[in-house]
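All values reported here derive from a predicted model rather than from experimental measurement. Residue numbering restarts at 1 for every chain, and letters A, B, ... go by the order of the sequence lines.
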2 protein chains.
Amino acid sequence: MVSVAPKGRPREFCTDRALAAALRVFWTKGYEGASMADLTEAMGITKPSLYAAFGNKEALFHKALDLYEAEKLAYVGVALEQPTARSVAECFMRGAVATQTSSCDPKGCLGVIHSMACGAEAESIKADVIARRASSQAALVARFERAKAEGDLPPHVDVGGLTSYLYAILQGMAVQAGSGASREELERLVDTTLAIWPSA
Amino acid sequence: MVSVAPKGRPREFCTDRALAAALRVFWTKGYEGASMADLTEAMGITKPSLYAAFGNKEALFHKALDLYEAEKLAYVGVALEQPTARSVAECFMRGAVATQTSSCDPKGCLGVIHSMACGAEAESIKADVIARRASSQAALVARFERAKAEGDLPPHVDVGGLTSYLYAILQGMAVQAGSGASREELERLVDTTLAIWPSA
DNA sequence: TAGCTTCCATAACGACCGGTATATAATGGC
DNA sequence: GCCATTATATACCGGTCGTTATGGAAGCTA
């Protein structure tokens, strides 16, 4: 049962909207590059309100990362359900292009940004991001194993190698998107990858 | 003519060694994550000595980046001289694996690290790194155009797309190396890429 | 040794960092 | 109306950031 009558003074801002604004800041500047002043300004609230609603900067980031995965990485689940290894790869890459070059979102990938070198304060952030990636990568390994068993990957392919390969392309796309590559450039990259995709 | 008799007291440290130490710090923690305290401690000098010898933090980084390109990216020039497009790609990737997973150097790629999202103070750093990458990528486009003319790339390949593709793999390898991937994992990635490399 | 130049070490600068104490305003229950 | 509870706004905390002023030590030429 949901409590419909909170006791004290109601908050004057929408936590979901504030979190979405925080996500954009982290996505644009990175965890270390985003200051509390940047965050509160973008969220339209004061620092005490932020701390009361979200805990601290690190907790805010983890909630923003949850939102990012739910809203911006939904294509990952869709991709894993595609019927062939090739269509899985295509769905991954097309989804990544769409997310990373959206005209109304920051460029690049929040996860890739935060798996790079960083200062001591962000080490736990980096570790969390890397752990989340490992689990999704494991799911892709399982999917390609199935594809191999079903015969839509050649029997000689190294499934682990192919998974790292596809992830490398996705990560490289994120690097290029964050460096200002246009959607057209990334689409040519995807087309090239699909043109040489190993077929049975 | 080189001045062999500097007038005042000689400095007590070797600037080349100090710069190499600074490079390791930037490579490990990134420009923003590396504090002046980190740098001076690793370099074995005090802050005034650092400022006298290198200017400021940003100038120190640019000199470290020059050193990185000269010492750690020498394989790029070698790769571009290989006789076929395939051997160019292989030389690029093998060189990247060697540099990014060296047991005596930080993991990952200094350039990729600094082309990601960052705070305002590092925007000019990011812009410089991206510009340097653009020029090396242009050289690879030219090399693949030649390969296409010489017939060791199929006539239907999109040279720009293939260049972005190879760079994406290199960048993805850097992301994975920085995230703790082993040399063996990256070598499987390289082997997979070479196994599906487009042949004439 | 005198005089000049350059380097080193300490300490401090203002600005900003993430995080809070305090006081006031707005609600619900009684 | 009054109290308990929660949110807001201002101002501030100690610490660290990149950077630099200051004073003395070390080497050179003469």
Q. Who passes side chain to side chain donor-acceptor pair (under 3.5 Å) against A:Arg11, sequence neighbours left out?
A. none
Q.
Rounding to an integer number of Å, can you tell me how far B:Glu121 CD sits from D:dG18 P?
A. 7 Å
(Q) Whole angstroms only, please: what is the CZ-P distance between A:Phe61 and C:dG18? (A) 14 Å
Q.
Before we go on, tell me: are the rings of A:Phe26 and A:His114 under 6.0 Å apart, centre to centre?
A. no
**Q.** Over-ring placement of A:Lys57 relative to A:Tyr31, 6.0 Å and 45° cut-offs
**A.** yes
Q.
From CG of B:Leu50 over to C1' of C:dA9, roughly how many Å is that when rounded to an integer?
A. 14 Å
Q: Quick one: list whatever passes salt bridge (Lys or Arg N to Asp or Glu O under 4.0 Å) with B:Arg24, sequence neighbours left out.
A: B:Asp105
Q: Sugar-phosphate means primed atoms, P, OP1 and OP2; the rest is base. With that split, encode nucleotides 2-13 of chain D 5' to 3' as B, S or - using protein heavy atoms under 4.0 Å.
A: ---BBBSBB---
Q. In whole Å, what is the span from the CG atom of B:Leu39 to the P atom of D:dC17?
A. 11 Å
Q) D:dT20 phosphate, OP1 or OP2: any side-chain N/O from B:Tyr51 under 4.0 angstrom? A) no
Q: Grab the OH-P distance between A:Tyr31 and C:dC17 for me, whole Å please.
A: 14 Å
Q) Is B:Glu150 atom CD crowded by more than 12 heavy atoms from other residues, nucleotides or ligands, each under 6.0 Å away? A) yes
Q: Would you give the length of the straight line joining atom CG of B:Leu170 to atom CD of B:Gln100, rounded to the nearest 0.5 angstrom?
A: 7.5 Å
Q.
From CZ of A:Phe54 over to P of C:dT20, roughly how many Å is that when rounded to an integer?
A. 16 Å
Q: Classify the nucleic acid contact of B:Ala34 as base, sugar-phosphate or nothing, counting any heavy atom under 4.0 Å across all strands shown.
A: sugar-phosphate
